[in-house]
Amino acid sequence: MCDVNIVCFQEAWTMPFAFCTRERLPWTEFAESAENGITTKFCQEIAKKYNMVIVSPILERDELHGETLWNTAVVISNTGAVLGKSRKNHIPRIGDFNESTYYMEGNTGHTVFQTAFGRIAVNICYGRHHPLNWLMYSLNGAEIIFNPSATVGELSESLWPIEARNAAIANHCFTCAINRVGTEHFDNEFTSGDGKKAHHDFGHFYGSSYVAAPDGSRTPGLSRVCDGLLISELDLNLCRQTNDKWNFKMTGRYEMYAAELDRAVAPDFQPNIVRE
């Protein structure tokens with residue numbers, strides 16, 4: 001009804017965010033093929049009918065590789081075709097967010113998708129804490145980077161208004177920070193491994209989704225407590241205009257960073273510290 005061109009849902013939008021429970025069943029039953037699953041087929045019909053690109057983050061079952069599970073965003077063109085998928089690059093191991101019980105770090109790199117409405121990328125949830133993750137999507141040409149998330153107040157709410165906005169500024173692109181909202185209760189208690197009592201919920205998913213622009217401006221956030229749909233009009237010319245003004249990519253010393261990072265990941269790395 002609002003003539004939206006691109007829509008992105010929250011992380012694992014088809015299911016409760018049950019990865020805190022460490023229980024395999026019934027949660028793994030939500031996993032499905034990124035290419036042929038029922039959610040993708042449903043979104044393909046909607047995308048073609050309404051001429052919109054859909055970013056659909058799901059729990060993926062990779063049938064070609066031993067039915068391995070992944071945290072994946074499927075990108076569907078406005079023609080209804082599956083453009084491809086982007087898997088979660090960074091997996092948290094903090095408190096209840098120990099998702100490696102279900103899936104490991106993704107292997108799709110930093111793919112950017114050329115759509116009829118701009119070049120988009122998907123930096124799933126925990127990847128927003130890693131500045132180099134944003135950078136690599138930007139270097140690959142992303143004009144809009146979506147960040148579908150599921151994160152709770154006690155853990156990250158103080159960081160939420162800053163990270164995606166800072167990434168938009170640093171990378172001359174738009175960023176869309178998307179979070180689920182509400183509190184989900186589970187029948188069986190679970191612990192966080194922090195000495196605190198077992199509990200039945202993750203905490204409150206605080207919503208507050210927003211869009212940030214390359215010039216540092218941003219939209220108001222959605223509600224902390226109610227479901228919502230945020231619609232924002234983006235002028236992609238602002239990406240180039242901001243780049244021409246600040247030229248972070250021209251002044252960045254990527255060859256120097258690359259050389260030093262290459263040394264830093266070597267087993268015999270020694271920090272470059274000068275001592276008396």
Side-chain angles (χ1 to χ4, degrees), residues 11 19-20 22 68 70-73 86-112 121-143 145-177 179 191-196 212 214-216 218 239 242-276:
E11 182 183 18
F19 308 123
C20 53
R22 280 71 161 181
T68 302
W70 303 95
N71 187 319
T72 300
S86 185
R87 289 169 173 161
K88 189 172 182 175
N89 281 331
H90 298 276
I91 306 302
R93 293 167 178 81
I94 174 173
D96 288 327
F97 290 88
N98 195 341
E99 299 164 26
S100 56
T101 303
Y102 298 86
Y103 44 77
M104 299 300 288
E105 286 76 10
N107 58 3
T108 53
H110 297 87
T111 305
V112 171
V122 193
N123 179 11
I124 301 175
C125 198
Y126 197 67
R128 74 180 177 278
H129 302 306
H130 296 267
L132 290 179
N133 209 41
W134 295 102
L135 172 64
M136 293 309 300
Y137 289 116
S138 175
L139 290 179
N140 277 308
E143 296 169 306
I145 306 177
F146 292 93
N147 176 230
S149 302
T151 186
V152 295
E154 184 177 352
L155 180 66
S156 65
E157 193 164 7
S158 62
L159 309 178
W160 182 255
I162 302 169
E163 289 176 306
R165 191 176 191 179
N166 185 67
I169 296 168
N171 295 291
H172 303 321
C173 66
F174 288 90
T175 59
C176 304
N179 191 22
T191 66
S192 304
D194 56 5
K196 296 181 180 179
D215 63 358
R218 56 156 287 181
C239 298
T242 307
N243 181 63
D244 287 349
K245 179 179 180 179
W246 286 102
N247 258 312
F248 290 156
K249 287 187 172 66
M250 183 183 75
T251 56
R253 297 296 306 280
Y254 301 127
E255 75 290 344
M256 180 176 67
Y257 308 151
E260 294 190 17
L261 283 169
D262 188 57
R263 291 196 294 271
V265 298
D268 58 351
F269 170 66
Q270 293 293 325
N272 184 15
I273 301 173
V274 176
R275 295 182 174 88
E276 186 176 349

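By the 6.0 Å contact criterion, CG on Asn272 is open, its count of non-hydrogen atoms from other residues, nucleotides or ligands being 12 or less. Within a 6.0 Å radius of NZ in Lys245, no more than 12 heavy atoms belonging to other residues, nucleotides or ligands are found. Residue Glu154 qualifies as open at atom CD: its count of foreign heavy atoms under 6.0 Å is 12 or below.
Within the 4.5 Å cutoff, side-chain heavy atoms of Leu139 are placed close to those of Tyr254. A 4.5 Å side-chain heavy-atom check between Trp70 and Thr108 finds every atom pair outside the cut-off. The side-chain heavy atoms of Thr191 and Lys196, taken from C-beta on, include no pair separated by under 4.5 Å. No side-chain heavy atom of Thr175 sits under 4.5 Å from any side-chain heavy atom of Glu163. Looking at heavy atoms from C-beta onward, Arg263 lies out of side-chain contact with Asp268 at the 4.5 angstrom threshold. Side-chain contact between Cys20 and Phe97 is absent, with no heavy atoms from C-beta onward closer than 4.5 Å.
Arg165 approaches Gly216 most closely through the heavy-atom pair NE-O, 2.7 Å. Ser158 and Pro161 get closest at one heavy-atom pair: O-CD, 3.7 Å. The two atoms that bring Cys173 and Cys239 nearest to each other are CA-SG, 3.9 Å, heavy atoms only. Scanning both residues, Asn247 and Asp244, for their nearest heavy atoms gives ND2-O, 3.7 Å. When all heavy atoms of Ala121 and Ala142 are compared, the closest pair comes out as CB-CB, 3.9 Å. Of all heavy-atom pairs spanning Gly127 and Trp134, the tightest one is O-NE1, 4.1 Å.
Here the CG atom belonging to Leu261 is positioned 10.5 Å from the CE atom belonging to Met256, to the nearest 0.5 angstrom. Remark: Ser149 OG to Glu11 CD distance equals 6.5 Å, nearest 0.5 Å. Separation of atoms CG (Asn123) and OG (Ser86) is listed at 8.0 Å; rounding is to 0.5 Å. Atoms SG and CZ, on Cys176 and Arg218 in that order, are 12.0 Å from each other to the nearest 0.5 Å. Residue Arg128 holds its CZ atom at 5.5 Å from CG of Asn147, rounded to the nearest 0.5 Å. With rounding to the nearest 0.5 angstrom, the CG atom of Asn171 is 8.5 Å from the CG atom of Asn166.
Of the N and O atoms on the side chains of Arg87 and Asn107, at least one donor lies less than 3.5 Å from an acceptor on the other residue. In summary, the side chains of Asn71 and Tyr126 do not present any donor paired with an acceptor at a separation below 3.5 Å, with no hydrogens or angles considered.
In summary, of the residues considered (Glu143, Lys249, His172), a side chain to side chain donor-acceptor pair (under 3.5 Å) with Ser138 occurs for Lys249 alone.
Below 30°, between 30° and 60°, or above 60°: for His130 and His90 the angle between ring planes is below 30°, a parallel geometry. A tilted orientation is assigned to the rings of Phe248 and Trp246, their planes being inclined by 30° to 60°.
Side chain of Asp262 to backbone of Ala258: no donor-acceptor contact under 3.5 angstrom is found. Between the Tyr137 side chain and the Val112 main chain, no donor and acceptor come within less than 3.5 Å of each other. The main-chain N or O of Thr151 is found under 3.5 Å from a side-chain atom of Asn179 such that the two form a donor-acceptor pair.
A salt bridge links Arg93 with Glu105: the distance from a Lys NZ or Arg NE/NH1/NH2 to an Asp or Glu carboxylate oxygen falls below 4.0 Å. A salt bridge links Glu255 with Arg253: at least one charged nitrogen is closer than 4.0 Å to a carboxylate oxygen.
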Under the side-chain contact (heavy atoms from CB on, under 4.5 Å) rule, what do Met104 and Thr68 come out as? Steps first, then yes or no, please. CA-CA 9 Å; Met104 299 300 288; Thr68 302; over 6 Å; no

